[in-house]
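Single-structure report; data block below.
In the text below, chain A, chain B and the rest are named by the order of the sequence lines, each starting its count at 1.
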Protein chains: 2
Amino acid sequence: MKFDSVTIKDIAKALNLSTSTVSRALRGSYEISPETKKLVLEYAEKINYRPNPIALSLKERRTRAIGIVVSEIANNYFSQAINGIESIAYNRGYHVIITQSHESQEREKVNVQHLASRGVDGLLVSLSSESEEIPYLTELHEKGLPIVFFDRITNEIDTHKVVANNYLGAYHATEHLIYQDFKKIAHITSSPHLSITKERLEGYKDALAKHKIPFDENLVKYCHRGGMISQEVEDALTTLFKGKVKPDAIFTASDRLTTVCFGLLKRMKMKRADVGFTGFTNTQLGDLFSPPLTVIRQPAFEIGQTAIELLIQIIESKRPVTHFETRQLETSLIIRESSMKK
Amino acid sequence: MKFDSVTIKDIAKALNLSTSTVSRALRGSYEISPETKKLVLEYAEKINYRPNPIALSLKERRTRAIGIVVSEIANNYFSQAINGIESIAYNRGYHVIITQSHESQEREKVNVQHLASRGVDGLLVSLSSESEEIPYLTELHEKGLPIVFFDRITNEIDTHKVVANNYLGAYHATEHLIYQDFKKIAHITSSPHLSITKERLEGYKDALAKHKIPFDENLVKYCHRGGMISQEVEDALTTLFKGKVKPDAIFTASDRLTTVCFGLLKRMKMKRADVGFTGFTNTQLGDLFSPPLTVIRQPAFEIGQTAIELLIQIIESKRPVTHFETRQLETSLIIRESSMKK
DNA sequence: CTGAAAGCGCTAACAT
DNA sequence: ATGTTAGCGCTTTCAG
């Protein structure tokens with residue numbers, strides 16, 4: 001605490017000891033006599049001594065804090081992932097600093113650099129939709145800062161990564177729509193360079209191919225800000241429904257896209273009733289919607305847990321970690337009315 | 001950056017200057033010759049020097065970081081408030097550290113103490129539903145740590161506070177239900193000792209009184225964990241509908257309570273169709289629901305902005321602030337179908 | 001077993 | 001205009 005709180009020095013003075021003795025006693029060094037130790041400990045307790053973590057960080061070059069960089073906390077996927085992260089971190093004695101990029105690369109960079117310079121012991125990051133080149137991260141990684149990516153990952157950096165099985169999630173969702181007898185399935189997704197975008201697009205394509213439905217690239221719309229700006233989703237929808245091939249179903253690729261798109265569809269009154277709909281989202285409110293929403297749900301909490309576990313593993317490993325893995329967790333398709341053919 | 005990054009010392013050595021000269025040059029002190037200044041600045045730029053904020057904090061006893069304590073970020077109200085806070089903080093050069101209490105007082109205490117010991121310049125807090133006595137906060141406040149409360153505030157501490165006009169919000173919501181001709185309006189709310197609970201209850205009561213509807217305390221149900229545990233809401237509903245006086249409408253008092261309760265109502269199939277419903281919530285998804293939800297919306301973003309502005313004001317004021325204010329922002333009632341009498 | 005002293009990166013009072 | 005030194009709170013050699 002910064003407001004004239006008690007320091008090791010105060011204890012030393014009061015007990016007529018040196019600061020080093022006090023320090024050692026406090027951390028239970030074996031070279032301190034039991035009596036002195038007891039004396040110090042009791043006095044420290046009595047005056048409610050708390051070591052100053054800032055001084056500690058300066059000295060030890062570690063903070064027991066880990067930084068999180070996500071695009072938006074107002075996103076069910078991320079808030080659940082963060083809860084997963086915290087659930088482990090706190091038990092392991094780490095504190096967590098959450099930052100948001102709001103899908104802006106500039107903001108992401110600022111956050112990353114701030115966290116790094118604040119001395120976090122490691123970083124958990126899901127890239128912004130604008131991020132393609134990420135020198136600010138590679139640089140840090142090369143300097144030895146432990147980083148684990150989750151959700152939106154990158155090939156630029158060789159480290160642990162944790163993702164949902166986006167390919168299969170998309171595949172099953174698409175196939176489900178096909179089984180419902182939809183033929184013109186549009187796919188509304190985020191920035192084309194994002195890992196999740198590519199994986200989900202692959203799943204979508206492969207499901208179509210499997211069922212001999214030709215892939216039509218006019219049915220795929222990219223929202224570069226991931227739906228942060230509702231206008232881009234509206235434009236996508238307008239173009240789709242004005243196009244030669246009108247979609248009879250829509251499959252959205254991210255949390256925000258799903259809710260924004262579903263809302264717009266309703267508002268635009270584009271014969272919503274007979275447009276099949278499903279999308280990736282972690283909202284728990286899907287069955288309150290009208291019609292109830294068929295969703296692809298990611299195990300966000302578990303993804304967060306896995307990511308922080310891997311990160312702590314790197315942080316606490318004695319020797320540099322060289323073998324990295326990419327963990328993949330399965331999604332689940334929750335079928336409700338919105339994807340049913342009328 | 002902690003990984004052998006360049007320090008002021010390196011610059012000094014390279015340029016054959018003393019560290020103090022470098023330090024002064026870097027912060028543009030007038031007592032440094034333009035040439036030296038230029039030299040230093042250019043070299044610093046070249047080798048990409050970044051001051052170490054940890055060392056800075058230790059020295060200056062300030063961090064330009066402010067701590068936020070809320071119950072849940074997976075709550076539309078709080079995530080919007082946090083966005084408001086960030087929008088101002090970043091422009092003013094402050095970073096923001098977000099923590100969650102998950103409605104647990106113990107966790108709240110740990111977070112507060114951690115933030116304080118990490119040396120945040122100030123605290124923005126919305127209390128957990130368990131928090132009544134808050135010695136860990138009063139203590140800090142007495143030591144001079146700037147604190148601003150928002151949403152769930154307390155009388156224990158004399159400082160700036162920012163809230164929605166909960167009384168009027170509840171009053172209007174209740175009155176709206178009355179106008180729809182509902183007579184037995186139940187109120188499902190959080191912990192009785194929370195400021196928001198009291199204010200909203202008052203509004204509810206006064207609206208009833210105004211319209212000569214007798215207040216029936218059996219129609220008021222408290223969920224002590226604020227709906228964190230869905231069971232407590234289910235119990236509340238069960239009791240209500242098994243009671244002598246069955247409610248014909250329900251008015252919920254918080255974001256989580258609103259969505260959980262609305263969902264349960266649907267699932268429990270308790271003739272949901274003719275139960276009027278409205279509640280406090282900041283979800284933007286209300287009109288996607290079935291039926292579309294009538295909600296009381298708080299200006300969360302603006303509340304966040306106001307809170308951080310007041311906090312920064314305290315932090316940066318030269319002399320101790322002694323006059324404190326409680327700012328109140330108006331809510332808005334968004335009327336949709338759920339509150340309509342069939 | 002305990003103490004003195006150096007140092008983490010930086011700033012600022014105090015020389016010069 | 002620039003350098004020297006002390007100190008923020010703590011740990012950790014190095015000496016006794």
*Over how many whole Å does the gap from A:Arg118 atom CZ to C:dC10 atom P extend?*
13 Å
_Short N-O contact, B:Lys37 and B:Glu31, less than 4.0 angstrom_ = no
*asked:* Could you check whether any side-chain N or O of A:Thr306 sits under 3.5 Å from a backbone N or O of A:Glu302, counting only pairs where one atom can act as donor and the other as acceptor?
replied: yes
*Summarise how protein sits on nucleotides 6-16 of chain D as a single string, 5' to 3': B when a protein heavy atom is under 4.0 Å from the base, S for sugar-phosphate-only contact, - for no contact.*
-BBBBBBB---
_For B:Tyr90, does the six-membered ring have the charged nitrogen or CZ of A:Arg107 within the cation-pi criterion, i.e. under 6.0 angstrom from the centroid and within 45° of the normal?_
yes
*asked:* Base, sugar-phosphate or nothing for A:Leu17? Non-hydrogen atoms, less than 4.0 Å.
replied: sugar-phosphate
*Once you round it to whole Å, what is the distance between C1' of C:dG3 and NZ of A:Lys13?*
16 Å
_D:dA1, OP1 or OP2 - any side-chain N/O from B:Ser33 closer than 4.0 Å?_
no
*Can B:Glu325 and B:Lys161 be counted as an ion pair, charged N to O under 4.0 angstrom?*
no
*So, A:Arg152 side chain and A:Ser195 main chain: donor-acceptor pair closer than 3.5 Å or not?*
no
_Atom-to-atom span, CD of A:Glu35 to C1' of C:dC1 - whole angstrom_ = 10 Å
*Output yes when B:Lys46 and B:Glu42 qualify as a salt bridge under the 4.0 Å nitrogen-oxygen rule, no when they do not.*
no
*Check every strand shown and say whether B:Ser57 touches a base, only sugar-phosphate, or nothing at a heavy-atom separation below 4.0 Å.*
nothing
_Whole angstrom value for the distance that separates P of C:dT11 from CD1 of B:Ile54_ = 14 Å
